Each structure stands twice: as structure tokens, then as C-alpha cells.
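As C-alpha cells, the structure follows; a few thoughts come after it.
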Amino acid sequence: MEAATHDPVLILGGGLMGLALAHQLARQGTPVLVLSRRRSEAAGFVAAGMLAPHAEGLRGPLLALGQASLARIPAWVAQIEADSGLACGLRPCGIVVPFHSAAERDAYATAAWGQPLDRAALKAEIPGIGPAWQAGLLFPQDGQIDNRRGLMRALERACVGLGVTFQEGCEVLALEQDADGALAAVRLRTAEGEARRLTSRRAVLCCGAWSARLLPQLPIVPVKGQMLSLQGPRQALRRVLFGPGTYLVPREDGLLVVGATSEADAGFDDGLTPAGQRQLQAGLAALLPEASQWPPMERWWGFRPCTPDEGPLLGEGPLPGLWLGCGHHRNGVLLAAITADLLGAGLSGRLDAASQARLDQFGWQRF
Ligand code: GLY
């Protein structure tokens, strides 16, 4: 049955995907209600904000999706900044991937998209880089955005300004289906502990690593990442440095974000661990020895939503009326723009053939 157009679309999850899609739908004039449990846990708040389809060495359809999103990001960010009046901290600063040898460099999955660097050129790009690194790839098209201090706040402000409504602190407990199996209602517990039922024929699951709690048939598991930050001098590092197991993301004001562990066995275990933090510190010392002396600022952790092929789940879900925007694993910040575009078009029935084909590549039925 066609949804009544005045019914709000329910966005389940108030993280980056939920906010990006809410913003997109609100701009299209669609009423939106965002239901969120604890926004501070969302991967959008804990990620490093790299825009790195090439540096991450993505392949196949996921690389193409990442490249398409990267191309959309300047206009997407400009719209969010215009709607919110806040800066998002987009920095098209390029990313350098260092290697121990030229052979290792040339075998990298995305080598064809990068500029090869020898040791001298690598040192010119990254003054102070550790002695172990003999070669590199520069991806000038990759970059970063200050997701924690800029993008998330700006998106939230933009959504509020466009009339998106939010219900915070509530936990979605179950989805109800009608006699035909389509989405009929969402049952939740409010922040005050009251049970509520919202009738709804259109909802989007954007619950990140927690998505399979609501729909156990979705193959999404948490992959924990621990991080830290340091205060460096402004301009000490001009480009993101993306080493194996550790990366360094320099913000405009010299804050250096250091990520990240990748702990598939940790489940939803909260907290920092000595081993995880030591791994980051060792990675930092190997990549940029002088940065080990910079003052520590913060340490934190989060959970990436990972699928078996590490690509997202996009498009219509297992029950009619429920859409999916989850499972973005290491690439959520990068893929937020294209996710909002594709799902915004899908929910309003305006998908062209190319966008439908793209959604089909990332449908949940592929597993
Ligand atoms: N994209 C970087 C990470 O997930 O750690």
C-alpha cells in the first residue's frame, strides 16, 4: 500500500547516516522523525573522518561507491553549512600511504589512482616520517572532515532548522508487520521507560553496529576501534598519513587524531585496553616519531558496523516499507553523502536506473 505522504518517515538511529538521510528528506519536503538511543555512541562521533576510498585500498563496487560519494562531498557539505550556519571542517588535504618497499607500494589495490613516492619524495610530503618507510602513494583526491567537532553538530543543526523532529533516549524494541508482511508500526521504550507504539509504513534502519539487534537476519557485527588524540603544532603534518594499522589525521588547529584498532573479537566490550592503546602509540612512534612527544588530549572507542564483504546494506530491507542504511564499516563518513542521495531518492520514488543499479549492488540479499 502507498504510504500517506503526511506520515513522517521514521529514521531508526540518530548517528551520521540517520542525520544525513533526515537532512536529505527534509530538504525534499518529507516529514521526518529521528528516533535515537544514545547519539554519543554513534560511529559518526567516534570516527576519524577520513574521506579515503583510495587510501583505504577499496576495490570493485565499494571503490566506485566511495569515489561517487567523494565527488558529492563538497556540494553536500556546502549545503549542510548553508543550512546550519556552521563549518564542517572539510579539508581536501590529500592522504599519503607509506610502504616498506616500492614493490609493496606497486602492489597496493589502488596504486593506479595514486602518485608514487620514493623515500625522498615521501620525506618532502611528510617531514619527520619514520625511517622504516621507503616508499609511498599520495592520493591528493582523498581528504578528511572534522566529524566530531564539525559535521555531526552542523548536520543536527541543519535538520532542526528544516523541521526534523527528534526523540532522544528511546530504544526501538521491535517492528510490527501487517497481514501482508509490510511494516505497520514500531514499538519502542521512551527515555522515561514508557512503552510506545508508533504506526508507520516507512522507516529506515540506521542503527550502525546495533542494526542486527532489531533484524537478526542482517549480517552486521561490531568491530571495535580505539583511538586517541594529541595536540601538535599547526601545520606540523599537512596530509593524512595512513599507515598499516595506524593512521594520523591532522585537523586544521593541529589536533592529531590517531586511529585505530580493529578488534573483531571484542564484540560490544566497552572501554579502552592497555594493548589497544599501546598498539596506537607504537604505530604513532613508527610513523611520526616526534609526535610521540606531543601532549595527549583524549582517548575513546567505538564500534564499526561490519558486513561479510565490508560493504554497506542499502535499499529496501526484508519487509516492505523498511529501508536499510547501515553496515558502512570503515567508510561511514565517506559514504554518508551517497547514502543520503540514494536512500532519499528511493524513499521518494525518484530513483533513476543508475541509482537503482547501485542500490542493487548493496542489497541485503547478496549474503
Ligand atoms: N576508516 C578508518 C577506520 O575505520 O578506522
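Both counts, for ligands and for their atoms, begin at 1 and track the order of listing. This chain uses plain numbering: 1 for the first residue, then up along the sequence. Small disclaimer: the values here were computed from a predicted structure and weren't measured.
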- Which residue and heavy atom of the protein sit nearest atom 4 (O) of ligand 1, plus the separation: R304 NE, 2.7 Å

- Query: Are side-chain N/O atoms of Q141 and Q67 paired as donor and acceptor at under 3.5 Å?
  - Reply: no

- Message: Pairs of nitrogen or oxygen atoms closer than 3.5 Å, one from H329 and one from ligand 1: do any exist?
- Response: no

- Query: Without hydrogens or angle criteria, can the side chains of H329 and T307 be said to hold a donor-acceptor pair below 3.5 Å?
  - Reply: no

- For ligand 1, which atoms sit closer than 4.0 Å to a heavy atom of A260? 5 (O)

- Message: Measuring centre to centre across the rings, with the benzene-like ring taken for any Trp, is F45 within less than 6.0 Å of W300?
- Response: no

- Whether Y108 and F99 hold their rings parallel, tilted or perpendicular, with breakpoints at 30° and 60°: perpendicular

- Protein heavy atom at shortest distance from atom 5 (O) of ligand 1: Y247 OH, 2.5 Å

